[in-house]
Amino acid sequence: MYQGHMEIMVIAAVTGVTAAAGWWADRRRAKRRNAGGACGSCGDAWGADRTLERYWIHGRLVCEACATRAKRRLPVHFAVLGVAGAFATTATALSGGMTAFALVPLVTAVALPVWAVKGMKQANRKALQKDRADLLLNGPAAQH
């Protein structure tokens, strides 16, 4: 394996671990905020009148403003991921090494968004099921 390929693999590994750690920390913070009766993203309180519209995104309950921002940002996130995958594929292919390494970023750039969307949907389903179970067991007072 060429030195350049090893550097690409190390960068990919560090990036993956950093992204996973950031996602985990964000989920913990969102769960704490939701448990405290606030938006999981911005932390604004739901209010006593409960008129604030709430949405499930990434398995966390968020206010309408945060849901709108997330909806606007999602295509940008996937576009950046696509560009990064295309860049990594091109850089690997042009490095003059093993052509098979060029497929790794390409496959990752295609598979990662599919995995991410499936994970988000699963997190939303689990959170909604838990919310419904809390509502059945404890009544409307259990909802944030």
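If you take CH2 on Trp56 and NZ on Lys126, they are separated by 12.0 Å, rounding to the nearest 0.5 Å. In this structure, Arg73 CZ and Cys66 SG are separated by 8.5 Å, a value rounded to the nearest 0.5 Å.
Following chains of ILVMFWY side-chain contacts shorter than 4.5 Å, one can reach Leu74 starting from Val117, so the two form part of one hydrophobic cluster. Hydrophobic cluster membership differs between Tyr55 and Leu128, with clusters built from Ile, Leu, Val, Met, Phe, Trp and Tyr side chains linked at under 4.5 angstrom.
Within the 4.5 Å cutoff, side-chain heavy atoms of Asp26 are placed close to those of Arg29.
When atom types are taken as modelled, the side chain of Arg60 and the backbone of Arg27 share no donor-acceptor pair closer than 3.5 angstrom.
Here the closest non-hydrogen pair linking Val62 and Cys39 is CA-SG, 3.6 Å.
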